[in-house]
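All heavy atoms count here, side chains included; hydrogens, waters and symmetry mates do not.
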Amino acid sequence: MKKILILPLLAVSLVGYSQTNINMKMEDDNVKVTNEVNSIKREVSCKLTTPEMQRRKASIIASLKKQVIEKKELKDGFSYKFNGSDKIIDELSDFVKTERLCCDFFDFGLSVKGDGSNTWLTITGPKGTKNFITSELEL
């Protein structure tokens, strides 16, 4: 079986992909190539600048704090249990919309029980997110 050297051609075709790691393994007569996207480093800081946004954030967070039924610590954030009413789902939605503008490093999850018994909000992110949630959001 003839072996064709494709590595130089492959390397040339991958120039310019700075966010990608290319791993190559020789197995028998085959070359296996895998792409692994580097995790993009996200800065853990608030981008909120306008007084209006700060007031809106403060009012939503103050309301949510009073309604937390249970809090669970996660490896990379927290989960918060609320009642399952439409009102709290609307408040949580407003909270997520506001936080996405200023804290784009957060990842949000919203789990709503169909029977209306409870709703869970999960906030996770890169290293430093838990400390940020505790100190800045005070949730």
* Asked: Between Phe82 and Ile89, does a side chain to side chain contact (heavy atoms under 4.5 Å, CB included) hold up when you go through it step by step?
  -> CA-CA 9 Å; Phe82 298 88; Ile89 293 169; over 6 Å; no

* For Asp115, does the CG atom sit with more than 12 other heavy atoms under 6.0 Å from it, leaving out its own atoms? -> yes

* Asked: Where do Glu99 and Ile123 land on the side chain to side chain contact (heavy atoms under 4.5 Å, CB included) test, with the steps shown first?
  -> CA-CA 10 Å; Glu99 289 303 303; Ile123 307 171; over 6 Å; no

* Rounded distance (nearest 0.5 Å) linking atom OG of Ser111 with atom CG of Asn118 -> 7.5 Å

* Considering residues at least two apart in sequence or located in another chain, which fulfil the side-chain hydrogen bond (donor to acceptor under 3.5 Å, both in side chains) criterion with Lys65? -> Glu138

* Residues in ring-ring contact (aromatic ring centres under 6.0 Å, His included) contact with Phe108, at least two apart in sequence or another chain -> Phe106

* Side-chain contact, heavy-atom cut-off 4.5 Å: Ile60 with Leu92? -> no

* Asked: Does some side-chain heavy atom of Val112 sit less than 4.5 Å from a side-chain heavy atom of Leu110?
  -> yes

Atom pairs and distances, donor-acceptor, side-chain atoms in residues 69-81, under 3.5 Å, two or more places apart:
{"residue": "Lys71", "atom": "NZ", "partner": "Leu139", "partner atom": "O", "Å": "2.9"}
{"residue": "Glu73", "atom": "OE2", "partner": "Lys130", "partner atom": "NZ", "Å": "2.5"}
{"residue": "Ser79", "atom": "OG", "partner": "Thr122", "partner atom": "OG1", "Å": "2.7"}

* Asked: Is there a donor-acceptor contact under 3.5 Å from the side chain of Ser63 to the main chain of Ser59?
  -> no

* Asked: Would Val68 and Trp120 show up in the same hydrophobic cluster when neighbours are defined by side-chain heavy atoms closer than 4.5 Å?
  -> no

* Check whether any side-chain heavy atom of Ile61 sits under 4.5 Å from a side-chain heavy atom of Lys66, and report yes or no. => no

* **Rounded distance (nearest 0.5 Å) linking atom CD1 of Ile88 with atom OG1 of Thr119** => 7.5 Å

* To do: Find out whether Thr124 and Thr129 are in side-chain contact, i.e. whether some heavy atom of one side chain is under 4.5 Å from a heavy atom of the other.
  => no

* Is there a side-chain contact between Cys103 and Phe132, using heavy atoms and a 4.5 Å cut-off? -> yes

* Say you draw a straight line from OG of Ser85 to CD of Glu91; how long is it, rounded to the nearest 0.5 Å? -> 7.5 Å

